[in-house]
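Report on one structure; see the data block that follows.
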Amino acid sequence: MNFEAFEVVRLVEKLPLKICSLATWGDSFIVGTYSSKNEAHLLVYSIKESSDYDRMYEAKLVKTLKKYTTKPITQLAVIPECNIFIGLSDSEVFFADLDGFQMRGQISRSKGANYFAVDWQKLRGRGTIGYGSELRLCVSTKRKLQLYEYKRNAFVPIKTDLNFPDTPRAFAWVGDSLIACIKKDLYHVQLDGDSRELFSIGSSRSEPCLLPLLTGDILVLKDEMQISLDSQAKPTQPNPLVWSEQPSSIEHVHPFVVAIMPRGIEIRALEEKIQIQVMKNVEAMKFIASAQNTVIASTNQVYLLEPKPYDIQVSHLVQRKHFDLALKIAELISEPATEKTFRRHEILRRCAFHQFTQHKFVDSLTNYLEVNEDPVHVIGLYPNLLPADLRQSLSSQHPTKPPTLSGVDLENGMKSLITYLTQTRYKETQKLQKHRDTEATKAENRLSDDAVKKLTERLQLIDTTLLKCYVKTGNHTLIGSLVRLPENYLHITECERVLKAEDKFQELIDLYNSKKLHKRALQLLSKFAQGPNSPMSGVWPTIEYLNRLSTKYFDLVLEYSIVPLKNEPHDAIRIFTDDVEEVRAYPRQHVLDHLSQHAPDLTITYLEHIIDRWDDTTVRFHNKLIQLYQTRVIKLLEEYKMRIKGKPRARAGEEPGDLGVLRTKLLRFLATSRHYVAAEHITSFPQDDLFEERALLLSRLEKHEVALAIYAHVLKEPELAEDYCRRNYDPEREESREVYLCLIKMYLSPPNLADYGIRLPDGSQPDANVEDALKVLASHHGLIDTAKVLDLLPFDTPLSNIRNFLATVLQEKTLLRRNTQLMKSLLGAEYLQVAQQKIKEQAPMFVVNEESVCAACNRRLGTSAFARYPDGEVEHYYCAKENIAKEQIASPQPQVIEQEPSLLPSSGKDLYLDTNPF
């Protein structure tokens, strides 16, 4: 590439003096010259717009400093931030003011200097540099490097000199170290003196050339090569820039590097390394300096290197597809921020399209993402993602026709598109969420309805395209993740077509679910349920889908659960018992009615689940479960009786098969549940069977006599009878306080079972059982009223039978009486001790004698009335009254004791006053 980025403007022509140094700052530059008479002069110029039509600028001589030094100034450096410039003349370094150009003085130790280098990058924003200085200076004197810092308008040494085997020919600061050229070798020198050799500047170079950059790096010329080093002297670019010939010096003019060549000037891009411009019709230049303006000079003429208008440069660079360089030039254009952003985005769009044509998909889509390009334009670059007519219309908006992608290129492009769409989707959903948040607070900056509609349409395009990309790249996991998103924006018709074409029916069902199209999903599941080789065959896919439906779709649950309940009832019951929030919320009575109609065998299972697992305390469900248990048990019991044909029956719950299982459940439920109405069931149980169940119901009704009659005389299970008493005994309740006495009564005076609605199969009546009654009396005599028991015992009961009972009762009563008396005595003694302690605590004593002093006025109390405070202080009575009136003391009022003079002892002995209220 070769276009005119700069033009050369003459500033000073045919100067009668020889130029030997040059420096520039702002719109000014300074030239060090010497005459044929070996007189050194300084010329200061200001760059102004020219009045001549044939050139843009001219240099106005501002100041001539004749014979400024005795010898020519061979090196100049201007530091405008410090308002000084530094020069090298007659092998000595000096510095002077930049305003009046008055020399401040020489650097005392710099005699014999041949080169210096300044470091003032902190002032340009590099950050903190060593030793806290803002300006550092390094001076080469013979075989030494001297280091200075600018402090209080003077250069002060900051380090001991750095010694070398030979005189450094050139050097430059790089970070907190130096790059120095000794003979023809470059060294990386630390400020503590450590150094390491880097490489040679080349066999053909006569003079070294080092150029520090504002970035902290440094450019080094090695023959025709330009090498970039960082602060650790490591190369920053894998391939160095190679000039067409060997430059004598270089200067950084962002974003270019200008090189002085033997036969002209060459300009290249610093990072891109491409050649920008070659100026061969310029006389041999020797000096170049760049600040705000770039000035070049020969031995007697000075020129300005003026950049062409930046917008023209940008246009040329974009046409030649040098977009990175165009972006750097665009940053130099002075324009409002909005226009600058617009220009940058336009360059990036052109760059992104060019990168796409080169199959650099990652870089291309990254740029499209940065400029927030409409996704429809990006998607239109790919085949078969948009309708053909829409893609055709979008193609006309691109600089050239989009490339035709296929094979590996298409696959790689699709993967990059997935990343782009994912990131774009995140940005767009954030906008929509922010709008919703502001909408809830009724903020003024919320989006309009049209903007929300466009945003939603864009998200629909993004999600639908993502699905197509996942399908084309075979990314099955991401297909499922996308369609299962609770809030996706997939176009249902288009996605249906794509998923059906690829046989992605499971993903299609998930899509229906996310879009709340449950009827479609269930119809599809019903269609595939009978398929022998389908992954969705059987009832389980339908069961799992129904379990995710909320009560809003309960009618669908009932409708599509019928077939599973009939075909696989034991699996299908999970539709109504799965432990998920949606299933727990189903109306349970409706579920029970549905099961009663279509799967009656599952009603017990359902009721057991909601009661045992979900702790449902609804009375009608508990009553219903008892009813179902009872009906089923009675039916199985009849079958069981037929099988055994008069043989002894097993105990309740120990019967073989389902009868034993169900009866155990019934007995457990009657004993543990607290949410059924026993009165509703007692009449439905048979009078001649299921006595264990009847006893539990009677217990719930607190009809202890009938229940104990069943245990004692029907079942003839004394252990169960005593266990019943243990469970129901409650000394706080009158109905349950005498349950043991009731059992003894049942044993001693058996009732007529018919009066209790109980009918034994053989029609017999129970006999008295004195033996078991006495066992209960012996085991639980402490819980039974002795007098009432004695009234119940028959008169012919041998005394020897109740001897142990009576002895035990008398012994316990006697022991209880003694313990009670002892406790009474101990409590009485304790009361006396506490009362005595109380008297002692409430009877404080204090001493008032002739030496006692009032705490308020510091005078003796004498025979005056006094007051004592709870903390022990004593005051005159009138002093205490004054203090109380002034300070409003919140503590209890002091005790006031008036002393009669006749009561005071005259002997001087202590007077003890006892305020004990007792």
Side-chain angles (χ1 to χ4, degrees), residues 626 629-630 633-634 636-637 640-641 644 646-656 659-673 678 681-682 685-730 735-784 789 792-793 801 805:
I626 293 174
Y629 277 149
Q630 176 193 351
V633 165
I634 290 175
L636 294 174
L637 187 59
Y640 173 66
K641 290 178 180 178
I644 62 175
K647 295 181 181 178
R649 288 171 52 177
R651 297 183 63 179
E654 296 180 2
E655 297 90 346
L659 175 60
V661 174
L662 278 174
R663 199 166 182 191
T664 300
K665 289 182 178 181
L666 176 58
L667 290 169
R668 179 191 61 81
F669 191 74
L670 290 172
T672 58
S673 174
H681 301 285
I682 191 68
F685 274 76
Q687 295 181 343
D688 58 350
D689 212 333
L690 302 182
F691 296 113
E692 292 85 349
E693 291 81 353
R694 177 177 288 272
L696 291 173
L697 290 172
L698 292 168
S699 171
R700 186 60 52 85
L701 295 172
E702 294 188 344
K703 295 184 177 182
H704 303 304
E705 289 187 3
V706 185
L708 289 172
I710 291 175
Y711 287 121
H713 300 298
V714 178
L715 299 177
K716 297 182 180 180
E717 294 282 356
E719 295 83 1
L720 294 180
E722 289 189 44
D723 183 65
Y724 177 92
C725 293
R726 275 192 294 271
R727 286 187 282 108
N728 290 274
Y729 176 76
D730 185 357
E735 297 83 355
S736 304
R737 188 183 306 149
E738 296 184 350
V739 64
Y740 283 101
L741 183 65
C742 183
L743 177 59
I744 294 174
K745 181 179 178 181
M746 285 296 106
Y747 281 131
L748 297 177
S749 303
N752 187 350
L753 297 180
D755 295 339
Y756 292 155
I758 301 173
R759 187 174 66 251
L760 294 178
D762 56 3
S764 61
Q765 289 297 324
D767 297 326
N769 189 348
V770 179
E771 182 180 355
D772 286 336
L774 293 177
K775 288 181 180 179
V776 174
L777 188 61
S779 301
H780 307 286
H781 57 269
L783 305 177
I784 305 171
V789 169
L792 291 176
L793 289 174
N801 291 347
F805 161 69

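In this chain, numbering begins with 1 at the start of the sequence shown.
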4.5 Å side-chain heavy-atom contact, Leu690 and Leu637: yes
With side chains defined as the heavy atoms from C-beta onward, is the minimum distance between Arg663 and Glu692 less than 4.5 Å? yes
Using the salt bridge (Lys or Arg N to Asp or Glu O under 4.0 Å) criterion, which residues pair with Arg694? Sequence neighbours excluded. none
Tell me every residue that passes salt bridge (Lys or Arg N to Asp or Glu O under 4.0 Å) with Glu722, counting only those two or more places apart in sequence or in another chain. none
Holding to side chain to side chain contact (heavy atoms under 4.5 Å, CB included), I want the full list of residues that pass it with Ala678, two or more places apart in sequence or in another chain. Tyr676, Leu697, Arg700, Leu701
Qualifying salt bridge (Lys or Arg N to Asp or Glu O under 4.0 Å) pairs, either residue in residues 701-716, two or more places apart: Glu702-Arg733
Selection residues 664-673 - residue pairs positive for salt bridge (Lys or Arg N to Asp or Glu O under 4.0 Å), sequence neighbours left out: Glu608-Lys665, Asp612-Arg668
Heavy-atom closest contact (Arg651 atom, Leu720 atom, distance): NH2-CD1, 4.1 Å
Side-chain (Glu655) to main-chain (Gly653) donor-acceptor, under 3.5 angstrom: yes
Main-chain N/O of Ala695 paired to Ser699 side chain as donor or acceptor, under 3.5 Å: no
Run the ring-ring contact (aromatic ring centres under 6.0 Å, His included) test against Phe669 and tell me which residues pass, sequence neighbours left out. His622
Of all residues at least two apart in sequence or in a different chain, which pass the ring-ring contact (aromatic ring centres under 6.0 Å, His included) check with Tyr724? His704, Tyr711
Looking at residues at least two apart in the chain, or sitting in another chain, which of them share a side chain to side chain donor-acceptor pair (under 3.5 Å) with Asp689? Lys641, Arg649
List in chain and number order the residues that pass side chain to side chain donor-acceptor pair (under 3.5 Å) with Arg726, two or more places apart in sequence or in another chain; answer none if no residue qualifies. none
